[in-house]
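Remarks on the structure that follows.
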2 protein chains.
Amino acid sequence: MDNQERQNKEQEILEAAEQEFLTKGYDGARTTSIAKAAGVTHAMLHYYFRTKEQLFERIVDEKFRVMSRSTLAAFGDPSLPMVERVRCGVINHFDFVSRNPLLPRFIINEIVSRPERYGVLHARIGAIIDNVYRGLQADIDAAAERGEMERVDAKMLFISIMSLNIFTFIAYPFMKPLMGELMADDAKFLEARKAENIETIMRRIKKQ
Amino acid sequence: MDNQERQNKEQEILEAAEQEFLTKGYDGARTTSIAKAAGVTHAMLHYYFRTKEQLFERIVDEKFRVMSRSTLAAFGDPSLPMVERVRCGVINHFDFVSRNPLLPRFIINEIVSRPERYGVLHARIGAIIDNVYRGLQADIDAAAERGEMERVDAKMLFISIMSLNIFTFIAYPFMKPLMGELMADDAKFLEARKAENIETIMRRIKKQ
DNA sequence: CTTTGCATTAACAATTATGTTAAACAATTG
DNA sequence: CAATTGTTTAACATAATTGTTAATGCAAAG
């Protein structure tokens, strides 16, 4: 068996594991079911990844990376005027969550149910965020000074953006059957929801 | 043993079960650990509730009821002027979630991981909501006509309110370590967050 | 006081998941 | 082609968890 094939098997296990863990969580996931979905015996899964725990770590690591990278990238281009920069941030963040709809719920559940493990990670991300914020808040203050927008707290604004964008996807399966025609067409609803979130945030920062 | 005592035991099991299921979810919960927390042997738990499944049902049922009652009640007093009615709705909903911080995550996870079971429930709630909405949208339109507020979609507004209020609590354990001083004092942060959510929603409906 | 019925316990049964191992197999290398 | 290394399988071991049961206790009712 050549390298190519081996990597394929590893990859297939990882993909099946991602699907299983993201939809069912650590406790609900079954290694046998992951192995089956990947088309390997469950002994092979253990051969490649030793334990369920270690396989899970791999998924968590990757997902955390994707999540934090994209979340930070959402606070894009500092060369844009502040108001446009925020609009752009909301759009980018919405689109990211839209491409990874299962991710936020997974990460939140993970952290809620095993807070002890993420101390290091938190410290690291915390430092990065702190840095970004200081700059962002300064830019907001400057723009407010120039009368371009309302003076707002950068962190609060950030939380609002995350709330509006993420909740849409977290609660989708819950809301969909409750909302009738509004949600009949997924694509249409998401488009409308995106516009609504942008509008809500833009009004929040609009000078009045 | 008198009636009082028996009901107490049942009650203690239910309370322990609620705690366990809400924090760990169905898969993560252990009946032995529930029994231990309730101070009974695990055979007693089975004696009272037969299976884990049935015990879980009891908790889900009650929690669903609490959740839907409070969510609807948040769209309070139709005698108030529309703008005040919305403000009041946001405040009531925030306070409700604040008193039941684990509830939204529990319900969302439940529904995501077992969608098939909630068809009936959904139909019922859907009908109620539909009803409330029709009235609410009419009231909003009328208020907009009178120039008291912006014309907005009632369902979209509702989703925004839920998003802002619920996400705060769902993501709290995740954000807390990331936000530094802002969240050092829980009570203070929640107060600030509540004010921020009210402001965000009020600006959304403000005539401009 | 005895009978009846519920409450309680401890021991046990069954199932399910994770993880291991030894042997078979395949591929690569010298 | 022999030796070595890594891969695969099937069978097994272990542990955890849910659920059952038969025996015992206990309280109230007749």
Side-chain angles (χ1 to χ4, degrees), chain A residues 1-63 106 109-110 113-114 116-117, chain B residues 1-63 106 109-110 113-114 116-117:
Chain A
M1 162 176 290
D2 62 2
N3 222 351
Q4 178 67 24
E5 253 180 273
R6 187 175 66 243
Q7 288 193 356
N8 271 355
K9 265 195 182 163
E10 228 177 280
Q11 196 53 36
E12 285 201 64
I13 295 174
L14 280 170
E15 276 161 30
E18 177 177 326
Q19 171 68 15
E20 179 93 355
F21 284 132
L22 259 68
T23 52
K24 304 191 186 165
Y26 182 83
D27 291 320
R30 296 288 165 246
T31 52
T32 47
S33 138
I34 292 171
K36 200 171 150 200
V40 302
T41 66
H42 96 276
M44 282 308 293
L45 182 146
H46 286 288
Y47 175 71
Y48 279 118
F49 297 97
R50 203 68 189 174
T51 65
K52 179 183 182 179
E53 191 71 28
Q54 275 179 54
L55 177 55
F56 184 67
E57 290 293 310
R58 281 283 292 269
I59 304 297
V60 168
D61 271 20
E62 191 215 323
K63 290 300 144 191
F106 173 71
N109 280 337
E110 250 332 280
S113 59
R114 325 185 148 196
E116 68 286 2
R117 305 182 88 181
Chain B
M1 163 177 287
D2 62 4
N3 222 350
Q4 178 68 22
E5 253 180 90
R6 187 174 67 242
Q7 287 192 358
N8 271 355
K9 265 194 182 165
E10 228 178 278
Q11 196 52 35
E12 286 201 62
I13 295 174
L14 281 170
E15 276 161 30
E18 176 177 328
Q19 171 68 14
E20 179 93 356
F21 284 131
L22 260 67
T23 52
K24 304 191 185 165
Y26 182 83
D27 292 319
R30 296 289 164 247
T31 51
T32 47
S33 137
I34 292 171
K36 201 172 149 200
V40 301
T41 65
H42 97 274
M44 281 309 292
L45 182 147
H46 285 288
Y47 176 71
Y48 279 119
F49 298 96
R50 203 69 188 172
T51 65
K52 180 184 183 180
E53 192 69 29
Q54 275 179 54
L55 178 54
F56 185 68
E57 290 294 311
R58 280 285 291 269
I59 304 297
V60 168
D61 270 19
E62 191 214 324
K63 290 301 144 190
F106 173 71
N109 280 337
E110 249 333 279
S113 58
R114 327 185 147 197
E116 69 285 2
R117 305 181 87 182

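Here is how names work: the chains are called A, B, and so on, in the same order as the sequence lines, proteins then strands, and each is numbered from 1.
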[X] [atom1] to [N] [atom2], straight-line distance once rounded to whole Å:
| X | N | atom1 | atom2 | value |
| --- | --- | --- | --- | --- |
| B:Leu45 | C:dA7 | CG | C1' | 14 Å |
| B:Glu10 | C:dC6 | CD | P | 14 Å |
| A:Asp27 | C:dT16 | CG | P | 18 Å |
| A:Lys24 | C:dA17 | NZ | P | 10 Å |
| B:Tyr48 | D:dT20 | OH | C1' | 18 Å |
| A:Leu55 | C:dT18 | CG | P | 11 Å |
| B:Ile13 | D:dG19 | CD1 | P | 14 Å |
| B:Glu53 | D:dT17 | CD | C1' | 15 Å |

Least distance between heavy atoms, A:Leu14 atom then A:Ile59 atom |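 Closest heavy-atom pair between A:Leu14 and A:Ile59: O-CD1, 3.6 Å.
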A:Phe106 side chain reached by A:Val60 side chain, heavy atoms, under 4.5 Å |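 A:Val60 reaches A:Phe106 side chain to side chain.
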Does some side-chain heavy atom of A:Thr32 sit less than 4.5 Å from a side-chain heavy atom of A:Leu45?
->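 Heavy-atom side-chain distance check fails, nothing below 4.5 Å.
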Evaluate whether atom CZ of A:Arg114 has more than 12 neighbouring non-hydrogen atoms of other residues, nucleotides or ligands under 6.0 angstrom away.
->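 Counting other residues, nucleotides and ligands, CZ of A:Arg114 exceeds 12 neighbours.
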Show me, pair by pair, the donor-acceptor contacts under 3.5 angstrom made by side chains of residues 21-31 of chain B, not counting sequence neighbours?
from	atom 1	to	atom 2	distance (Å)
B:Thr23	OG1	B:Gln19	O	2.8
B:Thr23	OG1	B:Glu20	O	3.3
B:Tyr26	OH	B:Glu53	OE1	2.9
B:Arg30	NH1	B:Asp27	O	3.3

If we fit an axis to the first five pairs and another to the last five of the helix from C:dC1-D:dG30 to C:dG30-D:dC1, what angle do they make, to the nearest 10°?
->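 If I round to tens, the end axes sit 10° apart.
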For B:Ala29, answer base if it contacts any base atom (sugar-phosphate contacts may also be present), sugar-phosphate if it contacts only those atoms, and nothing otherwise; contact means non-hydrogen atoms under 4.0 Å.
->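 Counting heavy atoms under 4.0 Å across all strands, the contact made by B:Ala29 is with sugar-phosphate only.
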List for me each residue that meets side chain to side chain donor-acceptor pair (under 3.5 Å) alongside A:Glu15, sequence neighbours excluded, and say none if there are none.
->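 Once residues adjacent in sequence are excluded, the partners of A:Glu15 under the side chain to side chain donor-acceptor pair (under 3.5 Å) criterion are A:Gln11.
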Got a sec, which residues hit side chain to side chain donor-acceptor pair (under 3.5 Å) with A:Glu62, two or more places apart in sequence or on another chain?
->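 Per chain and number, A:Glu62 pairs via side chain to side chain donor-acceptor pair (under 3.5 Å) with no residue.
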Partner set under salt bridge (charged side-chain N to carboxylate O under 4.0 Å, His left out) for B:Lys63, not counting sequence neighbours =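 So B:Lys63 forms a salt bridge (charged side-chain N to carboxylate O under 4.0 Å, His left out) with B:Glu18.
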Excluding sequence neighbours, so at least two apart, what forms salt bridge (charged side-chain N to carboxylate O under 4.0 Å, His left out) with A:Glu12?
->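 None.
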Sequence-aligned protein contact record of nucleotides 9-16 of chain D, with B where the base is within under 4.0 Å of a protein heavy atom and S where only the sugar-phosphate is = BB------
side-chain N/O B:Thr31 vs D:dT17 OP1/OP2, d < 4.0 Å =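 So the side-chain polar atoms of B:Thr31 never come under 4.0 Å of the phosphate oxygens OP1 or OP2 of D:dT17.
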